[in-house]
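Only one structure is covered here, and it is reproduced in the block below.
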Amino acid sequence: QVQLVESGGGLVQAGGSLRLSCAASGGTFSNYLMGWFRQAPGKEREFVAVISFSGRNTYYQDSVKGRFIVSRDNAKNTVYLQMNNLKPEDAAEYYCAARTRRPPMSVATMTTPLSFDSWGQGTQVTVSS
């Protein structure tokens with residue numbers, strides 16, 4: 001099972017940017033669908049973005065479309081989340097997650113936390129207004 005370690009979180013002012021990284025080890029990285037999720041205090045974990053095995057296809061939660069960009073470098077076993085124009089409501093613990101290549105590969109599957117097999121420990125993002 002792949003191990004995941006996030007980094008890059010921190011405190012940023014509203015309107016600012018952060019780039020999160022998630023380094024994977026222990027598996028063939030290109031065989032994993034990679035997702036980003038977040039969880040704010042008192043709220044359920046929610047989907048943010050997902051990227052396909054090759055990186056050619058991405059899908060975002062509506063509230064982050066046009067502001068966040070997910071990418072991956074399979075040679076470096078790393079997935080990234082570039083977050084621009086951050087808003088106070090983006091503040092949360094951010095997690096990357098990996099799902100092995102298997103059916104079904106529907107939008108519901110790719111956006112549901114329970115569909116993912118491995119999780120990182122999370123990195124905190126705080127946005128001041």
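Because the structure is predicted, anything quoted here is derived from the model rather than measured.
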Would you compute the distance between atom [atom1] of [X] and atom [atom2] of [Y] and round it to the nearest 0.5 angstrom?
| X | Y | atom1 | atom2 | answer |
| --- | --- | --- | --- | --- |
| C96 | R38 | SG | CZ | 15.5 Å |
| Y95 | R45 | OH | CZ | 4.5 Å |
| M110 | I51 | CE | CD1 | 12.0 Å |
| L20 | T123 | CG | OG1 | 6.0 Å |
| S17 | L86 | OG | CG | 6.5 Å |
| M34 | R99 | CE | CZ | 13.0 Å |

Whether the S128 and Q13 side chains hold a donor-acceptor pair (N or O, under 3.5 Å, no angle test) is what I'd like checked. no

Does a donor on one side chain sit under 3.5 Å from an acceptor on the other, for T78 and D73? no

Tell me if a side-chain donor or acceptor on Q121 pairs with a main-chain N or O of V5 at a distance below 3.5 Å.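 Between the backbone of V5 and the side chain of Q121 there is no qualifying donor-acceptor contact (under 3.5 Å).
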
Where the side chain of T112 meets the backbone of A108, is there a donor-acceptor pair that is under 3.5 Å apart? yes

Where [X] and [Y] come nearest, the two heavy atoms and their spacing:
| X | Y | answer |
| --- | --- | --- |
| S52 | L33 | CA-CD1, 3.8 Å |
| Y60 | I69 | OH-CA, 3.3 Å |
| S115 | R102 | O-NH2, 3.7 Å |
| A98 | V2 | CB-CG1, 3.7 Å |
| A40 | A92 | N-CB, 3.9 Å |
| N74 | S30 | ND2-CB, 3.6 Å |

Measure up the F37 and F116 rings against each other and bin them: parallel (under 30°), tilted (30 to 60°), perpendicular (over 60°). perpendicular

Taking atom NZ as the centre, does K43 end up with more than 12 heavy-atom neighbours from other residues, nucleotides or ligands that are less than 6.0 angstrom away? no

Counting neighbours of CZ on F53 that are heavy atoms of other residues, nucleotides or ligands and sit closer than 6.0 Å, is the number greater than 12? yes

Would you say the side chain of [Y] lies within less than 4.5 Å of the side chain of [X], judging by non-hydrogen atoms?
| X | Y | result |
| --- | --- | --- |
| L18 | V125 | yes |
| L4 | W119 | no |
| R67 | D90 | yes |
| T100 | N31 | no |
| Y94 | Q124 | no |
| V70 | W36 | yes |
| T126 | V12 | no |
| F68 | Q61 | no |

What do the steps show when you test V48 against L81 for side-chain contact (heavy atoms from CB on, under 4.5 Å), and what is the final call? CA-CA 10 Å; V48 176; L81 185 67; 4.2 Å; yes

Could you please spell out the steps behind the side-chain contact (heavy atoms from CB on, under 4.5 Å) verdict for R72 and F29? CA-CA 10 Å; R72 67 190 293 165; F29 187 62; 3.5 Å; yes

Determine, step by step, whether Y80 and R19 satisfy the side-chain contact (heavy atoms from CB on, under 4.5 Å) criterion, reporting the C-alpha distance in whole Å, the side-chain angles of both residues, the deciding distance to 0.1 Å, and the verdict. CA-CA 7 Å; Y80 305 96; R19 188 196 196 199; 3.6 Å; yes

Taking the six-membered ring of Y32 (Phe, Tyr or Trp), confirm whether the NZ or CZ of R101 is under 6.0 Å from its centre and within 45° of its axis.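 Because its charged atom misses either the 6.0 Å distance or the 45° angle limit, R101 does not stack over Y32.
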
